[in-house]
Amino acid sequence: MKLKTLPIFLTFLCMGFGDVVNPLVELAKKQFNLTGFEASLIPSAGFIMFGLLSVPMGLFQDRKGKKFTLMIGLVTAFIGLIIPVIIGLDKYATLICSILVLGAGATILQVSGNPIMRDVSAEGKYSRNLSFGQFVKAIGTLSGAIIPVIATRYFTKDWTVLFPVYAICVSITAIAVGLLKVNEHKETGDTPASFGSCIKLLSDPFIAMMVFGIFLYVGAECSVGSAAAGFLKEQYEVDVEKLGLVAGTGLFFAALTIGRFSGGMILNWMKPKTFLILTAILSIVGIAGLAIPSKAVGIASFFLMGLGFANIFPLVFSITVDAMPKRANEISGLMVTAIVGGAFLPPLRGFVADKASVLISFLVPLAAIAYILIIGFVVAKHPLVNNTSAEETN
């Protein structure tokens, strides 16, 4: 059973490659001489696919199976990564096309990867493996900030080396998954999610509030991840390729990784609704720290933001499902679709940065996290949340 989980953990690593568009923003901006708004369209190209494909692929998976859907996701991601290798990355349009296809692959991997982990996990180990899978995914994301720096310093390569490296990783994962034998669980008793049931569920104010929270959170995370290196460059003239990615974006994603690993332990003794409030406050403090004119404080603020951001998604997701467990299928479809927020907030932040400054543009993620804090106070007293028993969120 442990050998069966390995290919799925590799899949989670590949999921993280889809988030790597955030560290690429400042590098692409420099190479293609883009405005802040144009550069911010890079993560938007990937995240827009979550809004378009999540529910349709969920319905497709219900008919064709999880492994088959997972393989489609891996092949799609590979195509997205190989486009710049074959064509070359001398045009902005090529990068956008590559990220668009990669985002489609990452979306499909998200839809199929989480449930298939249950099929390959030993009894009673699903929650633990799924939690660790998110940690592995964060490592894949973090690599997007580290590999370009290593390539520049030690191998005289530029950031575009990410594409062939990731393509090799995805191809290895596809082979491992292809050889994997999976006995897929056939769920009974629950009505499968549909377009109609998802839309109908949004009429519930509580569900609409929580889904919009996911929309804003993912947008805030993408905004911070894509702007961190640019902030250090503008405010303190930190070289992006040599240090900016590591000190800003890299530190932010490293903190996300640490926070996600430790979040499960914290939730052993702290209620999710309490933890949500505390993580939102920590995130706001981190963003506010950027206003202090100190490079050291600025760098530390990105780490603090990463720790605060780390568990917001699983907390909002699990609190919502625990409140209405019989509607878990619809809620899951809506939550994954809401990841499309990563396509909308970064361009807004980029527009503000062009009109004002990178520092002022952080008001966009600040407003988004302020909404999450409001959610935290609402759920602390909401009858749906307080009438359900506390359960593990991971």
Side-chain angles (χ1 to χ4, degrees), residues 14 16-53 73-108 140-141 143-153 155-171 222-223 225-230 233-234 239-242 244-245 248-249 340 342-355 358 361:
C14 294
F17 298 162
D19 296 336
V20 82
V21 293
N22 296 314
L24 296 185
V25 169
E26 198 61 33
L27 295 172
K29 181 180 179 181
K30 178 180 179 181
Q31 177 164 329
F32 299 112
N33 194 27
L34 306 174
T35 65
F37 177 76
E38 290 172 333
S40 66
L41 291 177
I42 296 172
S44 296
F47 281 96
I48 195 68
M49 302 309 292
F50 283 94
L52 298 176
L53 294 180
L74 288 168
V75 171
T76 303
F78 178 80
I79 293 172
L81 291 165
I82 207 70
I83 287 174
V85 178
I86 296 175
I87 299 178
L89 202 57
D90 56 350
K91 294 182 179 180
Y92 174 60
T94 303
L95 177 62
I96 290 294
C97 179
S98 172
I99 296 302
L100 192 69
V101 179
L102 176 60
T107 301
I108 300 170
T141 303
S143 68
I146 296 177
I147 291 177
V149 174
I150 294 176
T152 300
R153 287 190 174 185
F155 299 99
T156 63
K157 301 289 185 180
D158 61 18
W159 60 275
T160 59
V161 74
L162 281 172
F163 292 94
V165 170
Y166 284 170
I168 292 172
C169 292
V170 171
S171 62
C222 294
S223 295
S226 61
K233 177 184 177 181
E234 180 180 287
D239 187 280
V240 174
E241 293 187 359
K242 293 183 178 179
L245 279 184
T249 306
V340 74
F344 290 93
L345 263 66
L348 176 59
R349 187 214 59 79
F351 177 79
V352 175
D354 288 339
K355 297 299 181 180
V358 176
S361 73

Measure the spacing between [atom1] of [X] and [atom2] of [Y] and express it to the nearest 0.5 Å.
X    : Y   : atom1 : atom2 : answer
L89  : S98 : CG    : OG    : 7.5 Å
K91  : C97 : NZ    : SG    : 12.5 Å
L102 : I82 : CG    : CD1   : 12.0 Å

Less than 3.5 Å apart, which donor and acceptor atoms pair up between the side chains of residues 344-351 and the rest of the protein, not counting sequence neighbours?
unit_1	atom_1	unit_2	atom_2	d
R349	NH1	S361	OG	2.9

For a quick test of reading the model, state the closest non-hydrogen atom pair linking [X] to [Y] and the distance between them.
X    : Y    : value
P84  : F163 : CG-CD2, 3.6 Å
A28  : L95  : CB-CD2, 3.7 Å
M49  : A104 : CG-N, 3.6 Å
L81  : A167 : CD1-N, 3.7 Å
S171 : F78  : CB-CE1, 4.1 Å
L74  : V170 : O-CG1, 3.3 Å

Who are the side-chain contact (heavy atoms from CB on, under 4.5 Å) partners of [X], not counting sequence neighbours?
X   : result
V75 : I79
T35 : F37, E38, D354
I96 : I42, A45, Y92

Review point. Taking only residues two or more places apart in sequence or in another chain, which ones pass side chain to side chain donor-acceptor pair (under 3.5 Å) with S143?
Key: Y166

Practice item. Tell me, please, which residues at least two apart from Q31 pass side chain to side chain donor-acceptor pair (under 3.5 Å). Key: W159

Point to revise | Any donor-acceptor pair under 3.5 Å from T152 side chain to D158 backbone | key: no

Review point. So, T107 side chain and G103 main chain: donor-acceptor pair closer than 3.5 Å or not?
Key: yes

Practice item. Please report the C-alpha distance between I48 and L100 in whole Å, then the side-chain angles of each, then the deciding distance to 0.1 Å, and finally whether the side-chain contact (heavy atoms from CB on, under 4.5 Å) criterion is met. Key: CA-CA 8 Å; I48 195 68; L100 192 69; 3.9 Å; yes

